[in-house]
Protein chains: 2
Amino acid sequence: MGAEGHSDGTVGKALDVLDLVARQGAPVRFSDLMAQTDYPKATLYRLLQTLTNQGMLALDPDTGAYALGMRLVRLAHAAWAQSSLAPIARPYLDELAEKTGETIHLAQMDQGQVLYVDKRNAAKPVEMFAQAGKVGPAYCTGVGKAMLAWTAPEALDQALARQSFYRHTDQTLDTPEKLLAELKAIRARGHAFDREEHEKGIICCAVPILTRSGRVLGALSVTSTTARTTLEALEGQAGLIKDIAAKIAAEAESWRFPEQN
Amino acid sequence: MGAEGHSDGTVGKALDVLDLVARQGAPVRFSDLMAQTDYPKATLYRLLQTLTNQGMLALDPDTGAYALGMRLVRLAHAAWAQSSLAPIARPYLDELAEKTGETIHLAQMDQGQVLYVDKRNAAKPVEMFAQAGKVGPAYCTGVGKAMLAWTAPEALDQALARQSFYRHTDQTLDTPEKLLAELKAIRARGHAFDREEHEKGIICCAVPILTRSGRVLGALSVTSTTARTTLEALEGQAGLIKDIAAKIAAEAESWRFPEQN
DNA sequence: GACTTAGTTTCAGATAATGGAACCAAACGG
DNA sequence: CCGTTTGGTTCCATTATCTGAAACTAAGTC
């Protein structure tokens with residue numbers, strides 16, 4: 001707690017509070033929030049009022065509990081539709097899912113963390129919203145490492161500083177040094193693996209989605225289990241995954257920036 | 001334009017800008033935004049900077065265009081999961097969809113507008129996120145009228161003031177008076193109809209989702225076409241819909257407010 | 001090479017945020 | 001039943017923050 005950093009102005013504080021409410025996972029009352037922040041009573045109170053006025057929060061009149069507001073859901077729709085790769089990538093994910101029969105993840109980087117923006121499940125039909133929006137660690141997932149490998153130096157430093165390097169399994173790369181060496185290897189190879197680094201028995205092969213100028217837009221991965229397949233077999237799909245990633249990148253560039261001269 | 005109203009402070013302005021970006025539907029450059037707002041250059045600039053710092057917006061370094069940021073997607077996920085009825089209602093929607101074979105809508109009220117938070121399509125499998133988050137008018141949809149009918153007087157006034165009463169079809173209730181009369185009838189009947197008021201050929205039967213204390217949480221509807229069925233046939237489902245709505249309400253109350261004594 | 005156009009920075013003044021403290025209401029306890 | 005604690009809301013003088021005209025820089029254009 002307390003390591004919030006250099007919040008910019010009132011807006012920053014308001015958004016802090018918004019995050020705080022989001023983190024709870026359930027509606028919270030004033031005093032609960034009060035206990036979790038350093039803001040003085042009156043300040044927190046006004047912040048909450050403002051956010052509620054604005055529809056970013058909703059105050060349940062029965063219980064006096066604050067919950068995230070509907071305006072956020074509306075914004076979310078727009079965010080997902082316009083700024084994530086998901087809508088563009090959808091048909092390609094379908095294609096990849098069908099060809100591989102495995103679980104597919106589409107991810108983007110968010111403040112040093114991996115944000116899953118879409119997903120295809122091996123067995124079950126899609127479960128959007130419930131899955132997309134989830135975040136995960138960057139240093140020990142295939143998509144995370146794929147994105148980091150092509151991230152520019154300064155941004156990479158910032159991202160590295162945000163990694164916990166928690167040792168999820170005995171394969172986890174648990175220091176920046178190990179990770180940097182791995183990133184170099186990934187750049188050379190063109191794709192990243194997850195060698196059960198995040199979860200025992202789960203492996204994946206991931207590739208970055210890059211603009212022509214070499215900037216990272218996101219990453220795409222095919223995930224499976226050691227029970228079902230091997231890393232080598234997954235690597236056999238690397239070419240296919242790269243092709244799909246390239247198609248997504250191409251479409252992203254032509255769609256999202258139509259007015260490029 | 002400029003009928004923004006009584007924005008509260010800097011936060012309000014920042015959120016205005018956020019909405020503005022969201023409204024565009026695609027990444028926009030500074031000058032495009034500049035043209036659409038009354039804020040002076042420097043002010044808009046600083047607001048955009050702040051929002052970008054905070055991860056609510058993302059500035060594409062190649063094109064200099066602002067898009068909605070990933071932090072928003074993350075917040076959105078939380079909003080949907082924690083504060084909408086959708087996660088609670090999911091299994092019940094499935095049940096209702098299966099029993100009726102028709103399109104199901106789950107909606108909540110957001111600033112006088114109907115916000116669809118989940119949906120089951122008659123034919124195709126679920127398309128979340130792509131569908132949920134959409135907004136629609138309240139005065140001429142089944143779910144909208146169902147919610148308005150049980151809305152407390154002052155809130156109702158506010159909501160009515162926000163309706164456009166645009167005449168979508170010749171069945172549209174295009175004045176507050178007609179609507180109020182209809183709301184009375186709906187309260188008496190216990191469920192609302194959409195008699196092709198929004199779109200020709202589209203009809204529905206909707207019921208409110210109410211807390212024990214009588215507060216509106218949302219609404220649930222079964223939608224069909226005049227080609228496939230009739231209003232009378234739909235009304236035959238009203239009992240079923242009400243049962244499902246009651247279950248959702250019950251679960252919402254016990255789940256979202258577990259600490260009620 | 002002068003002239004737009006697009007984006008960024010400055011700075012004194014205006015405004016809005018701050019937070020300690022007082023206040024109110026409801027639940028609690030004796 | 002009344003004093004007290006808990007939970008939430010309002011006041012208001014102080015001060016930090018936001019404001020926005022204008023100056024400035026960096027790229028295009030002609």
Side-chain angles (χ1 to χ4, degrees), chain A residues 2 4-21 24 26-54 56-67 69 154 213 257-261, chain B residues 1-2 4-21 24 26-54 56-67 69 154 213 256-261:
Chain A
E4 279 312 323
H6 38 136
S7 67
D8 26 16
T10 318
V11 176
K13 287 174 200 171
L15 295 178
D16 266 6
V17 172
L18 201 59
D19 265 354
L20 183 61
V21 175
Q24 311 296 121
V28 250
R29 269 165 318 114
F30 179 85
S31 47
D32 298 319
L33 292 171
M34 189 61 218
Q36 293 177 59
T37 161
D38 296 335
Y39 297 126
K41 229 182 183 185
T43 301
L44 177 62
Y45 181 70
R46 257 177 299 103
L47 251 24
L48 286 169
Q49 285 241 117
T50 304
L51 288 168
T52 305
N53 268 335
Q54 293 292 327
M56 301 297 279
L57 292 179
L59 177 57
D60 186 311
D62 289 349
T63 63
Y66 292 93
E154 345 76 60
S213 65
F257 325 126
E259 66 282 273
Q260 78 207 332
N261 84 317
Chain B
M1 38 200 70
E4 283 310 324
H6 38 132
S7 68
D8 25 16
T10 318
V11 176
K13 287 175 199 167
L15 294 177
D16 266 5
V17 172
L18 201 60
D19 265 354
L20 183 61
V21 175
Q24 310 297 122
V28 249
R29 265 162 328 111
F30 179 86
S31 48
D32 298 319
L33 292 170
M34 190 62 219
Q36 293 178 61
T37 161
D38 295 334
Y39 297 127
K41 228 184 186 183
T43 301
L44 178 62
Y45 180 71
R46 256 175 302 102
L47 287 168
L48 286 170
Q49 286 238 116
T50 305
L51 288 169
T52 305
N53 269 334
Q54 294 291 328
M56 301 297 280
L57 293 178
L59 178 55
D60 186 311
D62 290 349
T63 63
Y66 292 91
E154 345 76 60
S213 66
R256 290 193 37 205
F257 325 125
E259 65 282 273
Q260 78 207 330
N261 85 316

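Below, chains carry the letters A, B, ... as their sequence lines are ordered, and counting in each starts from 1. Please read all numbers here as calculations on a predicted model, not as lab measurements.
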Of the listed nucleotides (D:dG7, C:dT18, C:dG7), which one gets closest to any side-chain atom of B:Ser31? C:dG7
Which nucleotide in the list D:dG20, D:dG7, C:dT18 gets nearest to the side chain of A:Arg46? C:dT18
Length of the line joining A:Asp38:CG and C:dT18:P, which is rounded to integer Å: 14 Å
Could you check how far CZ of B:Phe30 sits from C1' of D:dA27, rounded to whole Å? 16 Å
For A:Val21 and A:Leu57, the nearest pair of non-hydrogen atoms, with its separation, is CG1-CD2, 3.8 Å
For A:Asn53 and C:dA17, give me the distance from atom CG to atom P, rounded to whole Å. 12 Å
Verify the contact: side-chain N or O of B:Tyr45 to OP1 or OP2 of C:dT8, cut-off strictly under 4.0 Å; return yes or no. yes
Base, sugar-phosphate or nothing for A:Thr43? Non-hydrogen atoms, less than 4.0 Å. base
To the nearest 0.5 Å, how far apart are CE in B:Met56 and CG in B:Leu15? 7.0 Å
Which nucleotide wins on minimum distance to the side chain of A:Thr10, given the candidates C:dT9, D:dT17, D:dG20? D:dT17
When the distance from CE of B:Met34 to C1' of C:dT8 is rounded to whole Å, what number comes out? 13 Å
Please state how far atom CG in B:Asp32 lies from atom C1' in C:dG7, giving the value in whole angstrom units. 13 Å
Find the distance A:Arg29:CZ to D:dT9:C1' and express it as a whole number of Å. 16 Å
Grab the two heavy atoms, one from B:Tyr39 and one from B:Met34, that are nearest each other, plus how far apart they are. O-CE, 3.3 Å
State the OG1-CG distance between A:Thr37 and A:Asp32, to the nearest 0.5 angstrom. 13.0 Å
hbond_proxy A:Lys41 side chain to D:dG8 base (donor-acceptor, 3.5 Å cutoff): yes
Examine the side chains of B:Asp60 and B:Tyr66 and answer whether a donor and an acceptor come within less than 3.5 Å of each other. no
Pick the nucleotide of DNA chain D nearest each of A:Gly64 and A:Val11; which residue has the one closer to the 5' end? A:Gly64
Check the distance between D:dT9's P and A:Leu44's CG and give it to me in whole angstrom. 11 Å
Measure from CG on A:Asp60 to C1' on D:dG7 and round the result to the nearest Å. 16 Å
Nearest to the side chain of B:Ala42, heavy atoms from C-beta on, is which of C:dG19, D:dT9, C:dT10? C:dT10
Do the side-chain N or O atoms of A:Tyr39 get closer than 4.0 angstrom to the phosphate oxygens (OP1, OP2) of C:dG19? no
